[in-house]
Amino acid sequence: MNEQEIKNYLYELFTEEIFESLKKEFTILISSDEDTNPNPILIHRATNLEFSYIPSGEFIMGFSEQEENFAKNIYDPIPANLDEMRPVHRVKIKSFLISRYPILCGFASQFCDLDDQENISPFFPAFLTRAEAEYLENETKLRLPYEEEWEYCCRAGTKTLFIFGNNLIEEKILEKWLAFDFSDVTQLIPNPFGLYGMFVGEWCKDEYRLNYNHNAQIKKGNYVIRGGGAIFWPWQDQEWVWCMSAMRMSSENLLEDGRCGLRLVYELDNSCS
């Protein structure tokens, strides 16, 4: 794409007014000159974090009967509480920006003390307490994704059991989805929204509710965690369930040290949806 084509494409995504507004806070790049419909990469000048644009849309949230059937083909009974992922329901999502990778140690260490964590690398995901995650929100003026935003991002337009299909794939390919080392992302696989590392286990904004019913009990002080399949890699048993797009969990009794990964959201004006 030439410069004018790129500009026209970005105007179509954001509208000219929003594009001009974003330019004040972001450097906007195109992922590949060869792409006919590329994902823009937005570098947040205040933090130097890379963001992907997530378009508005609708999706079916939760664990469908079709997904259940595919999961049973892998292992029956499915080692998960299916009620927590139901009822399945349609959700509308407004467009927003989300960090392309989990927040990494190199960035988080500017705000939080990570010295007590083992095997720290600046290119590995940072595992933070809820208090630390909320402190990071306040300091960066960004926020954690809501649970419905996270699943929308993970699915990225797919309706399959996993982002990579309805079946497990060979280990050497799985490793590119589940890797913890983000020093060279060309060795990893992004989803169609251009997001990497969706399975390290991430905090969501929401307090955990037992299911998707409107009157479902909310566990005060416990929060939704999404992803997590990489935490258990290499899998010893049926831990593939943590890579299902619909899989959700509570922070209660799940985090041994109370820490989890995260990524951050930049809210857009509704007019760009």
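Positions are given from 1, in the same order as the sequence printed here. What you are looking at is a predicted structure, and each value in this text was computed from that prediction instead of being measured.
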**Student:** Working note: E58 + K94, criterion salt bridge (charged side-chain N to carboxylate O under 4.0 Å, His left out); need CA distance, chi angles, decisive distance, verdict.
**Tutor:** CA-CA 9 Å; E58 295 185 11; K94 297 176 181 178; over 6 Å; no

**Student:** What's the verdict on salt bridge (charged side-chain N to carboxylate O under 4.0 Å, His left out) for E207 and K219, showing C-alpha distance, side-chain angles and the deciding distance?
**Tutor:** CA-CA 7 Å; E207 285 186 305; K219 292 189 173 184; over 6 Å; no

**Student:** Apply salt bridge (charged side-chain N to carboxylate O under 4.0 Å, His left out) to the pair E175 and K172, showing each step before the final yes or no.
**Tutor:** CA-CA 5 Å; E175 288 176 352; K172 67 179 182 180; over 6 Å; no

**Student:** For the residue pair F164 and F162, categorise the inter-ring angle as parallel (less than 30°), tilted (30 to 60°) or perpendicular (more than 60°).
**Tutor:**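 Answer is parallel, since the angle falls under 30°.
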
**Student:** State, yes or no, whether a side-chain contact exists between I231 and W233 at a heavy-atom distance under 4.5 Å.
**Tutor:**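 Sidechains of W233 and I231: no contact.
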
**Student:** Using the six-membered ring of Y208, assess whether NZ or CZ of R248 lies under 6.0 Å from its centre and within 45 degrees of the ring axis.
**Tutor:**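 Yes, cation above the ring, under 6.0 Å and within 45°.
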
**Student:** State, to 0.1 Å, how close R155 and G62 come at their nearest heavy-atom pair, and which atoms those are.
**Tutor:**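 Closest approach of R155 to G62, heavy atoms only: NH2-O, 3.1 Å.
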
**Student:** Using the ring of each side chain (for Trp, its six-membered ring), is F193 parallel, tilted or perpendicular to Y152, with breaks at 30° and 60°?
**Tutor:**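 F193 and Y152: tilted rings.
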
**Student:** Can you hop from I225 to L210 via hydrophobic side chains spaced under 4.5 Å?
**Tutor:**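 Different clusters: I225 never reaches L210 through Ile, Leu, Val, Met, Phe, Trp or Tyr contacts under 4.5 Å.
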
**Student:** Is a side-chain donor-acceptor pair under 3.5 Å present for N213 with N215?
**Tutor:**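 There is no such pair between these side chains.
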
**Student:** Is it true that a side-chain atom of E239 and a backbone atom of Q236 form a donor plus acceptor pair closer than 3.5 Å?
**Tutor:**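 Confirmed, E239 side chain pairs with Q236 backbone.
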
**Student:** Kindly determine whether W242 and W240 satisfy ring-ring contact (aromatic ring centres under 6.0 Å, His included), including the steps that lead there.
**Tutor:** CA-CA 5 Å; W242 302 107; W240 53 268; over 10 Å; no

**Student:** Are R45 and F26 in a cation-pi setup, meaning NZ or CZ lies under 6.0 angstrom from the ring centre and within 45 degrees of the ring axis?
**Tutor:**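 No, a cation-pi geometry is absent between R45 and F26.
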
**Student:** My understanding is that a hydrophobic cluster links ILVMFWY residues whose side chain heavy atoms are under 4.5 Å apart, including indirect links. Using that, what else belongs to the cluster containing L104?
**Tutor:**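 Besides L104, the cluster holds Y101, F182, V185, L188, Y196.
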
**Student:** R209 side chain to Q217 main-chain N or O, any donor-acceptor pair under 3.5 Å?
**Tutor:**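 The answer is no, because no donor-acceptor pair under 3.5 Å joins these two groups.
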
**Student:** Out of the candidates E149, E148, E137, only one should pair with K205 under the salt bridge (charged side-chain N to carboxylate O under 4.0 Å, His left out) rule; please name it.
**Tutor:**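 Output: one option passes, namely E137.
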
**Student:** Any Lys/Arg nitrogen of E50 or R100 sitting under 4.0 Å from an Asp/Glu carboxylate oxygen of the other?
**Tutor:**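 Yes.
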
**Student:** Could you grab the distance from atom CD1 of I43 to atom CG of L49, nearest 0.5 Å is fine?
**Tutor:**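 Answer for the CD1-CG pair, I43 versus L49, is 10.0 Å.
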
**Student:** Less than 4.5 Å apart, side chain to side chain, heavy atoms only: is that true for E151 and I60?
**Tutor:**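 E151 does not reach I60 side chain to side chain.
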
**Student:** Output yes when E132 and R259 qualify as a salt bridge under the 4.0 Å nitrogen-oxygen rule, no when they do not.
**Tutor:**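 Salt bridge: yes.
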
**Student:** Taking atom CG of N138 as the centre, report whether more than 12 heavy atoms of other residues, nucleotides or ligands fall under 6.0 Å from it.
**Tutor:**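 Atom CG in N138 is crowded, with more than 12 foreign heavy atoms closer than 6.0 Å.
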
**Student:** Does T160 offer a backbone N or O that forms a donor-acceptor pair with the side chain of N166 under 3.5 Å?
**Tutor:**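 No, the answer is negative, given that no donor and acceptor are paired below the 3.5 Å cut-off.
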
**Student:** The test is side-chain contact (heavy atoms from CB on, under 4.5 Å); show your working for T129 and W203 and say whether it passes.
**Tutor:** CA-CA 9 Å; T129 65; W203 290 111; 5.7 Å; no

**Student:** Give, for atom CG of L128 and atom SG of C260, the distance between the pair rounded to the nearest 0.5 Å.
**Tutor:**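 One gets 9.0 Å once the value is rounded to the nearest 0.5 Å.
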
**Student:** Kindly indicate, with the supporting measurements, whether the criterion salt bridge (charged side-chain N to carboxylate O under 4.0 Å, His left out) is fulfilled by E68 and R86.
**Tutor:** CA-CA 12 Å; E68 180 179 351; R86 288 174 171 163; 2.8 Å; yes

**Student:** With a 3.5 Å cut-off and no angle check, do the side chains of Y266 and E25 form a donor-acceptor pair?
**Tutor:**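 On atom types as modelled, these side chains qualify, holding a pair under 3.5 Å.
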
**Student:** Considering all heavy atoms of both residues, which atom of C243 and which atom of G229 are nearest to each other, and what is their separation?
**Tutor:**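 Here C243 and G229 meet closest at SG-CA, 3.7 Å.
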
**Student:** Can you check whether I78 reaches K72 side chain to side chain, under 4.5 Å on heavy atoms?
**Tutor:**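 Sidechains of K72 and I78: in contact.
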
